[in-house]
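Shown next, in structure tokens, is the structure this report addresses.
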Amino acid sequence: MQRKKECVAMLLAGGQGSRLYALTNKIAKPAVPFGAKYRIIDFPLSNCINSGIDTVGVLTQYEPLELNEYVGNGQPWDLDRSFGGVHILSPYQAKKKSSWYEGTANAIYQNMNFMKKYNPDYVLILSGDHIYKMDYAAMLNAHKKTGADCTIAAIEVPIEEASRFGILNVNDDGSIYQFEEKPKKPKSNLASMGIYIFTADKLYKYLEADDQNPSSSKDFGKDVLPTMLNAGEKMFSYIFKGYWKDVGTISSLWESNMDLLGSEPAFDVADPDWKIHSRSPLAPPVYVGTTGKVVNSMIALGCEINGLVERSVLSCNVVVEKGAVVRDSVIMANTVVKSGATVNYSIVDENVVIEAATVGEAKEAAQGIAVLGAGITISAGAKVKGGEILDKDYKGE
């Protein structure tokens, strides 16, 4: 008897994340650090294991080295299994042809053999660039209950933002009668979260048909889902009520980090009933010196704080020297903020050195969020304006 898994997850993690600019010059968006100790991909991986799904294919493409290294054998998420577990799935050369993933649907199609290896009844498709906690098992139960061929997770968004998303138009029972990909004039505010559960046989059928269609863009939202709907397949929405953020822009990444702060955070990563697992670095405890002060901030292991840190999120091994000020900012690993430096309303990538310079502006007056790319140095006396994005050493004008 063939061993099998009821449900296999396929995690699309190959995106460039071009709207994060300097932050994704050398890493894929799902590998971007988040929330002091995490990376974005930690959230869907943790959701999988917390939901009882222990077989995950991670599809990588753009700048995969750091992401592949981070995921590794899946041990931090309890996904190091002899049958199942986590697998990195990169584009490969087959006997007949080789190609990059041409779209979300094509990426899944190219890994059909991986899915079929586990003979699943259902396939869960996930995006690797969202911050949320979700029980996929509850969604799977809803899929079974309705007898759907495809179930799409959806969340209500402000109607003025609806044109940014795939929009579901549904009947009273939750069945979908229309799917519009980023419509100019949306009819509803029910947005697709990019999370789908397919009955496996139906998924295979439509992926194969999509591959044979020369006019297809090989995308789920633009091609596969509308095709299924037009063919009369049974498609249902699954309404999600919790916190969900697409961190595909500088502002949304900053906002979601800030949502971790406060006595009642909008998004609680400390929930003991839904742990977010990560590959934590080896680092000593946080040290706050006699001149250091930390207010309403999240500080990771290895940090040394001798200056002022306020309303900020600091990743591991960040140094804030005496006389330095960090406010309303996200500072990533191994960055040094030297004495005399001020950092306001900014996102600072890894391994940055900020000398006695000014980065960003007070949040209330700033034109935007200042962004510093990885590995650069901001020289003493330099002023980086709000909204500026730098990926090279900067000595000022």
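- A cation-pi arrangement is present between Arg3 and Phe83 under the rule of less than 6.0 angstrom and at most 45 degrees off the ring axis.
- Using a distance-only test at 3.5 Å, with no hydrogens or angles considered, a donor-acceptor pair links the side chain of Ser237 to the main chain of Gly174.
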side-chain contact (heavy atoms from CB on, under 4.5 Å) between Leu124 and Ile195, worked out: CA-CA 7 Å; Leu124 168 67; Ile195 300 169; 3.9 Å; yes

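- Within 6.0 Å of atom CD in Glu66, more than 12 heavy atoms from other residues, nucleotides or ligands are found, so the atom counts as buried in its surroundings.
- With hydrogens and angles disregarded, no donor-acceptor distance shorter than 3.5 Å links the side chain of Thr358 to the backbone of Thr342.
- Side-chain contact between Asn106 and Gln110 is present, with heavy atoms from C-beta onward closer than 4.5 Å.
- In terms of modelled atom types and a separation under 3.5 Å, the side chain of Ser346 and the main chain of Val343 share no donor-acceptor contact.
- Considering only heavy atoms from C-beta on, Val309 stays 4.5 Å or farther from Lys293 through its side chain.
- One finds a salt bridge joining Lys144 and Glu6 here, because a Lys/Arg side-chain nitrogen approaches an Asp/Glu carboxylate oxygen to under 4.0 Å.
- Comment: Asp121 engages Lys4 in a salt bridge, judged by a side-chain N to carboxylate O separation of less than 4.0 angstrom.
- For residues 137-195, the pairs satisfying ring-ring contact (aromatic ring centres under 6.0 Å, His included) are Tyr122-His143, with sequence neighbours left out.
- The hydrophobic cluster containing Val320 does not contain Leu301, counting ILVMFWY residues as joined when their side-chain heavy atoms lie under 4.5 angstrom apart, directly or transitively.
- Every residue was checked against the ring pair (Phe, Tyr, Trp, His ring centres under 6.0 Å) condition with Tyr204, not counting sequence neighbours, and none meets it.
- Checking side-chain atoms of Thr249 against main-chain N and O of Ser252 turns up a donor-acceptor pair under 3.5 Å.
- Here the side chain of Asn171 pairs no donor or acceptor atom with the backbone of Asp173 at under 3.5 angstrom.
- The environment of NZ in Lys222 is sparse: at most 12 heavy-atom neighbours from other residues, nucleotides or ligands sit within 6.0 Å.
- A 6.0 Å sphere centred on NZ of Lys133 holds more than 12 heavy atoms belonging to other residues, nucleotides or ligands.
- Remark: Lys5 pairs with Asp54 by the salt bridge (Lys or Arg N to Asp or Glu O under 4.0 Å) rule, at least two apart or across chains.
- At distances below 3.5 Å, not a single donor-acceptor pair connects side-chain atoms of Asn344 with backbone N or O atoms of Gly360.
- Within the 4.5 Å cutoff, side-chain heavy atoms of Leu260 are placed close to those of Val269.
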Asn169/Gln178 under side chain to side chain donor-acceptor pair (under 3.5 Å): CA gap, chis, key distance, verdict: CA-CA 5 Å; Asn169 298 311; Gln178 188 178 34; 2.9 Å; yes

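- In this structure, Tyr243 has its ring center at least 6.0 angstrom away from the ring center of Tyr132.
- Aromatic ring centroids of Trp77 and Tyr70 lie under 6.0 Å apart.
- Hydrophobic clustering places Met298 together with Ile369 (ILVMFWY residues linked when any side-chain heavy atoms are closer than 4.5 Å, directly or through intermediates).
- In this structure, the side chain of Ser278 does not engage the main chain of Asp42 through any donor-acceptor pair within 3.5 Å.
- The environment of Lys322 atom NZ is sparse: at most 12 non-hydrogen atoms of other residues, nucleotides or ligands sit within 6.0 angstrom.
- Within the 4.5 Å cutoff, no side-chain heavy atoms of Leu126 are placed close to those of Tyr196.
- Cluster annotation: Val32 is connected to Val330 through the hydrophobic network of ILVMFWY side chains, with a link wherever side-chain heavy atoms come within less than 4.5 Å.
- Residues Val286 and Leu314 have side chains not in contact (no heavy-atom distance under 4.5 Å, counting atoms from C-beta outward).
- There is a side-chain donor-acceptor pair under 3.5 Å between Asn47 and Trp274.
- A tilted orientation is assigned to the rings of Phe267 and Phe43, their planes being inclined by 30° to 60°.
- Residues passing the ring pair (Phe, Tyr, Trp, His ring centres under 6.0 Å) test with Tyr345, sequence neighbours excluded: Trp254.
- For Glu233 and Lys202, the salt-bridge test passes: some basic side-chain N is under 4.0 Å from an acidic carboxylate O.
- Side-chain contact between Tyr38 and Ile131 is absent, with no heavy-atom pair separated by less than 4.5 Å.
- Using a 4.5 Å cut-off on side-chain heavy atoms (C-beta onward), Leu372 and Glu388 make no contact.
- Proximity of Lys29 to Leu23: side-chain heavy atoms (C-beta onward) are nowhere separated by under 4.5 Å.
- Remark: the backbone N or O of Lys234 is paired with a side-chain donor or acceptor of Asp149 at under 3.5 angstrom.
- Within the structure, salt bridge (charged side-chain N to carboxylate O under 4.0 Å, His left out) contacts touching residues 369-382 (residues at least two apart or in different chains) do not occur.
- Judged purely by atom type and a 3.5 angstrom limit, Glu321 has no side-chain atom pairing as donor or acceptor with the backbone of Lys338.
- By the neighbour-count criterion of 12 heavy atoms within 6.0 Å, atom CD of Glu69 is sparsely surrounded, having that number or fewer from other residues, nucleotides or ligands.
- Hydrophobic clustering (side-chain heavy atoms under 4.5 Å, transitive across Ile, Leu, Val, Met, Phe, Trp, Tyr) groups Phe220 together with Val170.
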Evaluation steps, side chain to side chain donor-acceptor pair (under 3.5 Å), between Ser312 and Ser329: CA-CA 5 Å; Ser312 295; Ser329 294; 4.8 Å; no

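- Between Tyr109 and Tyr206, a ring centre-to-centre spacing not shorter than 6.0 Å is recorded.
- In this structure Ser217 satisfies the side chain to side chain donor-acceptor pair (under 3.5 Å) test together with Asp223, sequence neighbours excluded.
- Linking ILVMFWY residues whenever their side-chain heavy atoms come closer than 4.5 Å, directly or via other members, leaves Ile88 and Ile27 in distinct clusters.
- A side-chain donor-acceptor contact under 3.5 Å links Asn189 to the backbone of Val157.
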